[in-house]
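Note sheet for the following structure.
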Amino acid sequence: MASLSVEEENYVRMSLLLTGISPRAARNFFDSEFAPACLGPAIKKEYNKLFALKTKHILKQAQWNLLFPRFPDVPDSKTFDVTLMILLLRNLTPITPPLCGFDCLPSAIEVTPAADLARIKHYRNHLAHLDDGKLDTGFFNTAWNDITCAIDRLGGQQMKQECDHLKTKPLDQTNQEIMMDIKHSNNEIRELKESFESLKMSHTKIIKHHAEVKQSHVMLQEDYTKVKKSHEKLQDAHRKVTDEMEKVKTSQKDSVPWNIRGKQFEWT
């Protein structure tokens, strides 16, 4: 395998940080709010609230399956990613959100657990949307410091030391191959999503066209009904006229002309 450029190495190291260490730091804080031994009952207690989030499509089906697995399985925070942990914390606990919410990068002065979770989420989303699998060194150093400080506060000094080691240790062939496979997989997933969106738009257009055709059909049926009623009225009118004409003809056949009737009176 060809050696990676500095920018590609930055991408690999950041990926390992965000997929390996930072989720464990986030889970460390999550478990302090939801004790692992009580996680199942705590989630069941909030069933109605979680179901409402699912109905609004805030909670995805895959996440729902992790929260309510089939018996005899029970929910386990080790299966939760950062997104799901943040979703549960922000909706089921009184945690104070960052000033700009969980969906933006907090300012450097915000060092609360909520802000640190938002930082990890922000950089993970940023990495997921990169197309070329490269990270500029300047951005890499700033983001690395931001993330590792958050990990230190959430997970403790030992995790911070893991971060420091990961930043400088030589990357072996396995790490490079795994992360580049992840990059290619992300690209494939993105292409599939784009294809799905395109198909979804086409489906929407087809449904709209079908609705228009259906409406046109309804209008044609209404017009046909009106024409049919008009035709029936004309038939009724024609029938009445025909009946009247027949009555006139019958009346003419049964009657003696007046001039003939007068002569008959003279003969008598």
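Hydrogens, waters and symmetry mates are skipped; everything else that's a heavy atom, side chains included, is used. Count residues from 1 along the sequence.
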Separation between CE (Met159) and CG (Asn28), nearest 0.5 Å, reads 5.0 Å
Does Thr148 reach the side chain of Ile21, with side-chain heavy atoms less than 4.5 Å apart? no
Distance col, row Asp152:CG vs Lys160:NZ, nearest 0.5 angstrom, shows 6.0 Å
To the nearest 0.5 Å, atom NZ of Lys49 lies from atom CD1 of Ile43 at 13.5 Å
Check your understanding: With a 4.5 Å heavy-atom cut-off, do Lys121 and Leu117 have their side chains touching?
Key -> no
Nearest heavy-atom approach of Ser107 to Arg119 is O-NH2, 2.7 Å
For residues 66-91, the side-chain hydrogen bond (donor to acceptor under 3.5 Å, both in side chains) pairs (sequence neighbours left out) are Asp31-Ser77, Thr83-Arg124
Side chains of Asp136 and Asn10, heavy atoms from C-beta outward: is any pair under 4.5 Å?
no
Kindly indicate, with the supporting measurements, whether the criterion side chain to side chain contact (heavy atoms under 4.5 Å, CB included) is fulfilled by Tyr123 and Leu105. CA-CA 8 Å; Tyr123 287 114; Leu105 180 64; 3.7 Å; yes
dist Arg27:CZ -> Leu154:CG (nearest 0.5 Å) comes out at 12.5 Å
Note to self: Do the side chains of Arg24 and Glu162 get close enough for a salt bridge, i.e. N-O under 4.0 angstrom?
What the structure shows: yes
request  = Could you tell me whether the side chain of Gln63 and the main chain of Lys60 form a donor-acceptor pair under 3.5 Å?
outcome  = yes
*asked:* If hydrophobic clusters are built from ILVMFWY residues whose side chains come within less than 4.5 Å, do Val82 and Ile58 share one?
replied: yes
Closest non-hydrogen atoms of Cys163 and Trp144, given as atom of the first, atom of the second and distance, are O-CZ2, 3.1 Å
Practice problem: Report the C-alpha distance between Phe140 and Arg13 in whole Å, list the side-chain angles of each, state the deciding distance to 0.1 Å, and finish with yes or no for side chain to side chain contact (heavy atoms under 4.5 Å, CB included). | Solution: CA-CA 9 Å; Phe140 169 79; Arg13 293 183 194 278; 4.2 Å; yes
Tell me whether Gln157 at atom CD has more than 12 heavy atoms from other residues, nucleotides or ligands lying less than 6.0 Å away. yes
When rounded to the nearest 0.5 Å, the distance separating CG of Leu99 from SG of Cys104 is 11.0 Å
Aromatic ring centroids of Trp64 and Tyr47 under 6.0 Å?
yes
Close side-chain approach of Leu127 and Tyr11, heavy atoms under 4.5 Å: yes
Exam field: side chain Asn141 to backbone Thr137, donor-acceptor pair closer than 3.5 Å = yes
Review point. Does the side chain of Phe34 reach to within under 4.5 Å of the side chain of Leu92, using non-hydrogen atoms?
Key: yes
Worked verdict on Leu89 versus Phe102 for side chain to side chain contact (heavy atoms under 4.5 Å, CB included)
CA-CA 11 Å; Leu89 287 166; Phe102 282 96; 5.9 Å; no
On a heavy-atom basis, the closest approach of Thr19 and Pro23 is O-CG, 3.7 Å
Notebook entry, point to check: Within the distance-only criterion (no hydrogens, no angle test), does the side chain of Glu8 pair as donor or acceptor with the backbone N or O of Ser5 below 3.5 angstrom?
Noted result: yes
Self-check item: Residue pair Met14 / Ile147, side-chain heavy-atom distance below 4.5 Å
Solution: yes
Next on the checklist: So does Ile120 get a backbone contact from the side chain of Ser22, meaning a donor-acceptor N/O pair under 3.5 Å?
Outcome noted: no
- Message: I'd like to know if the side chain of Arg153 reaches the main chain of Asp116, judged simply by a donor and an acceptor atom lying under 3.5 Å from each other, with no hydrogens or angles considered.
- Response: no
Practice item. Would you check, one step at a time, whether the test side chain to side chain contact (heavy atoms under 4.5 Å, CB included) holds for Phe68 with Val74? Key: CA-CA 7 Å; Phe68 298 97; Val74 295; over 6 Å; no
Quick one: does Pro75's side chain get under 4.5 Å of Pro69's, heavy atoms only? yes
Minimal heavy-atom distance between His129 and Asn125, with the atoms involved, is ND1-O, 2.7 Å
CD (Glu46) and CG (Leu88) are apart, to the nearest 0.5 Å, by 10.0 Å
When every non-hydrogen atom of Ala118 is compared with those of Pro98, the smallest separation belongs to CB-CG, 4.0 Å
Verify same cluster id: Phe51, Leu66 (apolar side-chain graph, 4.5 Å): yes
Quick check: Phe139 with His126 (ring centres under 6.0 Å apart)?
yes
Report task. Would you indicate whether the side-chain heavy atoms of Cys149 and Asn145 approach each other to under 4.5 Å? Result -> yes
